[in-house]
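Beneath this line is the structure, given in structure tokens, with notes to follow.
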Amino acid sequence: MIRITFPDGNIKAFEAPPTGFEIARSISEGFARNCVAVKINGQILDMSTRFEADTPVRLITTKDPEAIEVLRHSAAHVMAQAILHLYPDAHLTIGPAVENGFYYDIDMGPVSEEDFARIEAEMKAAIKAKLPFRREVVSKAEAVDFYRNEPYKLEMIGELDDGTISFYKHGDFTDLCRGPHLPHTGFIKAFKLMKVSGAYWRGDQNNAQLQRIYGTAFFDKKDLKAYLHFLEEARRRNHRKLGAALDLFSFHDEAPGMPFFHAKGMVVWNALLDYWRDEHRAAGYVETKTPITLNRTLWERSGHWENYRENMYFTAIDETDYAIKPMNCPGGMLLFGSRRHSYRDLPLRQAEVGLVHRHELSGVLNGLFRVRAFHQDDAHIFMTSEQIQEEILALLQLEERIYGTFGLGFHLELSTRPEKSIGTDHQWETATAGLEAALKSYGKEYLVNEGDGAFYGPKIDLHIKDALGRTWQCGTIQLDMSLPERFDLFYVGQDNEKHRPTMIHRTVFGSIERFFGILIEHFAGRFPLWMAPVQVCLLPINDELVPYADQVRAELAEHGLRAEVDSRTESLNKKIREAQISQIPLTLTVGQKEMKAGTLAVRTLDGVVKHGVTQEAFLKRVLAHIRERKLELDLF
RNA sequence: GCCGGCGUAGCUCAGCUGGUAGAGCAGCUGAUUCGUAAUCAGCAGGUAGGCGGUUCGAAUCCGCCCGUCGGCUCCA
């Protein structure tokens, strides 16, 4: 008698050891048809697994989040089968499920997206046939014999223990695989091959170059459609496209990876930084600035010469080696050390919007997201170890405030001591405990990445979530137990003795360039009023009204509004269209009526027009809206 | 850096298998003076990313370089 316990506490007894299928059928046939796997003690197994002992089980249906990985891994097998049919000389390597789908790395001749249709057709045939996946445990010798002509598979088998090796078969296809898999291929209701790229065997450039073919798969055609729609939406919001269309920034061959900000882009940039400064001033920061080029001695002292050289740019001045700074911290250390500090000065919050250069590989450059020159909204906070918790709590609150202004949610990740690290156990313990205590008192949930900290200290990373649900790591709070030591920094305590300060590096935006790019995509180019390059566009209805429009514009400008008059001799409709397309939040049409009454016809980006708004009311509301840096424009 | 795709007017793109470059938008000029998403006409604009090669002839084929896009962490 085998007793199976369900998640709701119900227990069912089976005379003979049941398989997952039999357990599912004991509930109902309809339910069983939707089950794809069985989960016991956190492990996901095939439906065909037979349970020889009493155990708690959870049946995974197509609705459960765990199911999609099984589906995609199976889809990878189906794709591999299709490819072997079409390219018999191909050698398979690995084919896992990944975040948005799956891939298979295959040693074969070049494939292009034009080949996808044939592969997909072949896959469809396998799916239509509803081929069952069968697991088979084989001995190492059998596996080696089966794969005698498959060098990659042989290499993998070599690393596996005899007795733990399994094959999965469906139709005429067999693959070395741990599983689990779908009951049969028919569960793959929707799939699509997405792209090909090169990848190295085991991710090592010295190894053979493989073809990595990516695909995605879903249990429901609607889900695939939604995913493709998401990709389309992301394409539509692409900051590189919008940046060019809205005249915000550009890139030039003469400086790859280094953005040029246009006049309109700088308006947004400055709005962003004005806001940043307001918040930091209120939070007790001072702003500083350090040089871009510093000599070799400094970088040797900071450790960058040894550890970060590959990413740095160098130059020589009067026969001395200099480096262009890739980080602001060493300069910040010199600055702190340039005068004596009392314990009364602490915490000293020393901010710097510093321009740094990093030599990123040419292939990884990506618009404003990955550049070679960018500004960090850095700050170095010097304090006593007793102040860690309170200071970090204040920082978390500052970050939350700032992200909230853009309507960005976020989550937190704590990274602890890595294998390779400096500092004593005691230092790490107090530092990590300080971070954890701050996180606990902050109250928001956080993930822990064990061993993922920097070599010089533990850290908290803040990952923001944009309008499309994508996450980006922007903010970081890193405790540094190395630099104050290396630069022999100290403050004078109440006891009149020298003490080593505890230091943190932190950012909110991270890279301002990258954050700018994220905001463009988050808002789809439609910035909130306070950030908009042009806030108000005035459209005189005919030439005679241009002087009046100019006069209104001047009045608005006196109140600090960024307003323009479109006095071209184009049709009103055309000017409206262009104002809307360039995402100008407020379009004011001025005609005889408005001039006589001193009112405005206000058009917002939702296409709604409100007539007869008095100039006073307009100014009052708009200025308040901007002052408060509101997100939604619900003025009229 | 590596693999693959792409690079034609400021922008978006066309130009079948090699025969010597075209459209829309933008720009300029003129007409139109317009009440809420493109008025009309004309003009001008390209050493086809760069260099080299094949060919009687190259935007088109080949090679190298530059730039750009996707990927290069996920481990059967």
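In what follows, chains are A, B, ... by sequence order, proteins preceding strands, each numbered from 1. Note that these values count all heavy atoms, side chains included, but never hydrogens, waters or copies made by symmetry. In this text the structure is predicted, and so the values were computed from the model without any measurement.
- Taking the six-membered ring for Trp and thresholds of 30 and 60 degrees, A:Phe249 and A:His239 have ring planes inclined between 30 and 60 degrees apart.
- In a base pair of the Watson-Crick type (N1 to N3 plus N6-O4 or O6-N4) or a G-U wobble (N1-O2 and O6-N3), with each distance short of 3.5 Å, B:rU17 is matched with no nucleotide.
- On the P atoms, B:rC75 is 24 Å away from B:rG70, given to the nearest whole Å.
- Looking at the side chain of A:Ile94, the nearest of the listed nucleotides B:rU39, B:rG70, B:rC75 is B:rC75.
- Between A:Asp175 and A:Lys169 there is no salt bridge, since no side-chain N of the basic residue sits under 4.0 Å from a carboxylate O of the acidic one.
- Mapping A:Asp253 and A:Asn573 onto RNA chain B by nearest heavy atom places A:Asn573 at the nucleotide closer to the 5' end.
- Nucleotides B:rG46 and B:rU54, compared at atom P, are 30 Å apart to the nearest Å.
- The partner of B:rU33 cannot be assigned: no Watson-Crick or G-U wobble pair with both contacts below 3.5 Å exists in any strand.
- Distance noted for atom C1' between B:rC2 and B:rA44: 45 Å (whole Å).
- A donor-acceptor contact under 3.5 Å is not formed by the side chain of A:Glu360 with the base of B:rG1.
- Distances shorter than 4.0 Å separate some side-chain N or O of A:Ser362 from OP1 or OP2 on B:rG1.
- Atom pair A:Arg212:CZ and B:rG5:P shows a separation of 18 Å (rounding to whole Å applied).
- Nucleotides B:rU60 and B:rU20 are separated by 14 Å at their P atoms, to the nearest Å.
- Between A:Gly607 and A:Arg568, the residue whose closest nucleotide on RNA chain B is further toward the 5' end is A:Arg568.
- The side chain of A:Thr569 lies closest to B:rC34, out of B:rC74, B:rC34, B:rA26.
- Of the candidate nucleotides B:rG70, B:rU68, B:rG35, B:rG70 has the atom nearest to the side chain of A:Asn366.
- Of all nucleotides listed (B:rU36, B:rC69, B:rG27), B:rU36 comes nearest to the side chain of A:His611.
- The residue A:Glu544 sits apart from the nucleic acid: no heavy atom pair falls under 4.0 Å.
- The nearest whole Å value for the distance from the CD1 atom in A:Ile581 to the C1' atom in B:rA38 is 8 Å.
- For the P atoms, the distance from B:rG7 to B:rU12 is 12 Å, rounded to whole Å.
- Ranking B:rU36, B:rG35, B:rC74 by closeness to the A:Lys593 side chain, first place goes to B:rG35.
- Proximity note for A:Pro96 (side chain, C-beta onward) versus B:rC74, B:rG1, B:rA26: the nearest is B:rC74.
- When the side-chain nitrogen and oxygen atoms of A:Tyr103 are compared with OP1 and OP2 of B:rC72, none of them lie within a distance under 4.0 Å.
- Pairing for B:rG4 goes to B:rC69, judged as Watson-Crick or G-U wobble with the two contacts each under 3.5 Å.
- Between the side chain of A:Glu142 and the main chain of A:Ser139, a donor-acceptor pair closer than 3.5 Å is present.
- At the heavy-atom level, A:Glu570 lies under 4.0 Å from base atoms of the strands shown.
- In this model, the phosphate group of B:rA26 is approached by a side-chain N or O of A:Lys574 to a distance below 4.0 Å at OP1 or OP2.
- Without hydrogens or angle criteria, A:Gln535 side chain to A:Leu561 main chain gives no donor-acceptor distance under 3.5 Å.
- When the P atom is compared between B:rU32 and B:rA37, the two are found 25 Å apart, to the nearest whole Å.
- In the set B:rU39, B:rG70, B:rG1, B:rG1 carries the atom at the smallest distance from any side-chain atom of A:Tyr200.
- When heavy atoms are screened at a 4.0 angstrom cut-off, A:Lys575 is found touching no nucleic acid atom at all.
- Regarding A:Glu578, its CD atom lies at a distance of 10 Å from the C1' atom of B:rC25, rounded to whole Å.
- In this structure, the CG atom of A:Asn542 is 5 Å from the C1' atom of B:rU33, given to the nearest Å.
- Residue A:Leu92 is out of contact with every strand shown, counting any heavy-atom pair closer than 4.0 Å.
- Considering only the side chain of A:Val364, B:rC72 comes nearest among B:rG71, B:rC72, B:rU33.
- At a threshold of 4.0 angstrom between heavy atoms, the contacts of A:Ile157 with the nucleic acid are absent.
- Pairing for B:rC43 goes to B:rG27, judged as Watson-Crick or G-U wobble with the two contacts each under 3.5 Å.
- Nucleotide B:rC61 forms a pair with B:rG53, judged by Watson-Crick or G-U wobble geometry with both contacts under 3.5 Å.
- A:Leu572 comes within contact range of the sugar-phosphate backbone alone, with a heavy-atom separation under 4.0 Å but no base atom that close.
- To the nearest angstrom, C1' of B:rG10 lies 16 Å from CG of A:Leu246.
- Close to B:rU39, at under 4.0 Å from its OP1 or OP2, lies a side-chain N or O of A:Ser571.
- Classification of the A:Phe146-A:Phe167 ring pair by plane angle, with boundaries at 30° and 60°, yields tilted.
- A:Thr604 comes within 4.0 angstrom of nothing in the nucleic acid, heavy atoms only.
- Close to B:rG70, at under 4.0 Å from its OP1 or OP2, lies no side-chain N or O of A:Lys195.
- B:rC11 atom C1' lies 16 Å from atom CG of A:Asn238, rounded to whole Å.
- Looking at A:Ser166, its side chain does come within 3.5 Å of a backbone N or O of A:Cys177 through a donor-acceptor pair.
- Atom OH in A:Tyr214 sits roughly 9 Å away from atom C1' in B:rU73 (whole-Å rounding).
- Here A:Thr587 lies out of heavy-atom contact (under 4.0 Å) with every strand.
- Within the 4.5 Å cutoff, no side-chain heavy atoms of A:Val38 are placed close to those of A:Asp46.
- For the pair A:Asp461 (side chain) and A:Thr476 (backbone), a donor-acceptor distance under 3.5 Å is absent.
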Quiz prompt | CA sep, side-chain torsions, deciding dist, call: A:His170, A:Phe133, ring-ring contact (aromatic ring centres under 6.0 Å, His included) | solution = CA-CA 5 Å; A:His170 75 271; A:Phe133 281 92; 4.8 Å; yes
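- Among the protein residues, A:Ala579 comes within range of no part of the nucleic acid, since none of its heavy atoms lies under 4.0 Å from any strand.
- One can place CE of A:Met194 at 17 Å from C1' of B:rC74, the figure rounded to the nearest angstrom.
- Proximity of A:Arg240 to the phosphate of B:rC69: a side-chain N or O atom is located under 4.0 Å from OP1 or OP2.
- Expressed to the nearest 0.5 Å, how far CD of A:Glu155 lies from CH2 of A:Trp201 amounts to 5.0 Å.
- Atom name P, nucleotides B:rG71 and B:rG57: the rounded distance is 43 Å, in whole Å.
- B:rA59 and B:rA48 have their P atoms separated by 7 Å, given to the nearest Å.
- Taking only side-chain atoms of A:Pro256, from C-beta outward, the nucleotide of B:rA37, B:rU68, B:rG35 with the closest atom is B:rU68.
- Within the 4.0 angstrom heavy-atom criterion, no nucleotide atom of any strand lies near A:Glu69.
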